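One structure is given below, encoded as structure tokens.
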Amino acid sequence: MSILSQGAEQVAPIDLIIDTDPGADDVVALLLAMASPEELNIRAITTVAGNVRLEKTSRNARLAREWGGREDIAVYAGATRPLLRTPVYAADIHGEEGLPGVAVYEPNQGLAKGCAVEYLVETLSNAKPQSITLAMLGPQTNLALALIQAPKIVRGIKQVIVMGGAHFNGGNITPVAEFNLFADPEAAEAVLSSGVKLTYLPLDVTHKVLTSDARLRQLATVDNQASKRVVGILDAYGRPDMQRYGIPGGPVHDASVIAYLIRPALFSGRQIYMQVDSRKGLTYGQTIADWHGVLGQPANVLWIDSADAQGFFDLLSARLARLK
Ligand code: BDR
Ligand code: CA
């Protein structure tokens, strides 16, 4: 829907639910989203176990909400574990509290009453057709459970934007799998097979949007509490990945999903056919992305593979300057 104002066309903000497992980069994504009310109307934040256990991802989501000055946004806690597999966490990258490089404490405000899965079922069942966008920043367990419980909710979904998967340069938790897909491959499959409109931002793109000393200085120049926290988080979060994968800077994975929603022109990709490998074995959780269309199957995702990295950091700096 669009509205006309003073002769110029203005696009109405995207009705957005953010499903997340904070998580260092999740917190950066949440801050970017909360600083962008013209483009994003955040209906709720739903949390899932992933980088760390659910109590901690939910606490960190509530902290991010407090830091963003948006305690009006409800945070619903969701699945404590993946659909079928043994839980896997990423405390080695995100720290025991799930949030490195910054002081973590109990936020003022608690969780919303009720479970994230129930919230999704109810909200999407009652939504106008194709009206709600979901940003999936962790394992896709909550949305998969909602779709299994009430398949008709597909109707209320406009699009689902996933941070996850890897094709060109391998994975970050196994040689071929990316963490969010590996942490719940069956959930990713359930979402993929539901027929929702899907966009994937895999490691292929997020490993091209990296911090550098100059970019961390750019963020630090904003010089408010939000930017200080983001610099602390990204500095600490980037180090293990830089050492392990030999990349020249640290990633900001999940924030790319939010940047994509705000400024899609910063990104490019291709409509392709993709499948998730859920067979137990070395390729468990791998995304098979048919980039060249050799399988002759109809496309089922928009697979983003490149981005204007400096444009991303310019956007992040400008938006953080709006926060306290
Ligand atoms: C993804 O896995 C998590 O550790 C990050 O928060 C991000 O969502 C990157 O592979
Ligand atoms: Ca995440």
Side-chain angles (χ1 to χ4, degrees), residues 17-33 45-54 56-61 63-64 75 78-79 82 87-102 116 134-143 160-185 187-188 191 199-211 230 233-234 236-242 244-245 247 249-260 276 284-287 304 307:
I17 297 171
I18 305 178
D19 190 80
T20 180
D21 64 334
D25 54 325
D26 301 75
V27 167
V28 179
L30 288 168
L31 291 173
L32 177 59
I45 297 168
T46 53
T47 60
V48 65
N51 287 317
V52 284
R53 289 175 187 276
L54 183 70
K56 289 186 177 176
T57 61
S58 301
R59 188 265 325 269
N60 294 345
L63 259 183
V75 177
V88 54
Y89 304 106
D92 55 332
I93 306 282
H94 294 260
E96 284 304 318
E97 295 303 320
L99 200 42
V102 71
L134 287 118
M136 304 301 295
L137 310 183
Q140 296 171 50
T141 322
N142 288 335
L143 181 55
V160 177
I161 319 290
V162 171
M163 190 282 128
H167 176 64
F168 288 105
N169 291 303
N172 62 356
I173 180 132
T174 76
V176 294
E178 178 280 330
F179 177 80
N180 289 339
L181 271 282
F182 184 72
D184 200 342
V191 173
T199 297
Y200 262 68
L201 284 97
L203 298 182
D204 303 343
V205 63
T206 65
H207 276 179
K208 291 176 182 161
V209 182
L210 300 173
T211 62
V230 166
I233 291 168
L234 291 183
Y237 176 57
R239 288 173 199 279
D241 272 11
M242 286 164 71
R244 199 172 297 179
Y245 305 111
I247 46 180
V252 203
H253 305 289
D254 294 336
S256 292
V257 168
I258 304 300
Y260 173 76
V276 180
Y284 190 51
Q286 181 178 9
T287 45
I304 302 294

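When a ligand or atom number is given, it counts from 1 through the structure's own listing order. Not measured: the values here are computed from a predicted model.
Looking at Val162 and Gln140, their side chains come closer than 4.5 Å, going by heavy atoms from C-beta outward. Contact check for Leu143 versus Val160: side-chain heavy atoms found under the 4.5 Å cut-off.
Side-chain atoms of Asn51 and Asp26 include a donor-acceptor pair closer than 3.5 Å.
Distances from the Ca ion (ligand 2) show that Asp25 has no N/O/S atom below 3.0 Å. None of the N, O or S atoms belonging to Pro22 lies under 3.0 Å away from the Ca ion (ligand 2).
Taking the six-membered ring where tryptophan is involved, the planes of His207 and His253 are tilted, since the angle between them lies from 30° to 60°.
Between the Ca ion (ligand 2) and the N, O or S atoms of Asp254, the shortest distance is to OD2.
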*Show your working on salt bridge (charged side-chain N to carboxylate O under 4.0 Å, His left out) between Glu96 and Lys56 and close with a plain yes or no.*
CA-CA 9 Å; Glu96 284 304 318; Lys56 289 186 177 176; 5.0 Å; no
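Here the angle centred on the Ca ion (ligand 2), running from OD1 of Asp21 over to OD1 of Asp26, is 90°, rounded to 10°.
For Thr46, the side chain to side chain donor-acceptor pair (under 3.5 Å) partners two or more places apart in sequence, or in a different chain, are Asp19.
At a heavy-atom cutoff of 4.0 Å, ligand 1 is surrounded by Asp25, Asp26, Asn51, His94, Leu137, Met163, Asn172, Glu178, Phe179, Asn180, Tyr237, His253, Asp254.
Between Asp92 and Arg244 there is a salt bridge, since at least one side-chain N of the basic residue sits less than 4.0 Å from a carboxylate O of the acidic one.
Considering Leu181, Leu203, Ile304 as possible partners of Met163, the one that fulfils the side chain to side chain contact (heavy atoms under 4.5 Å, CB included) test is Leu203.
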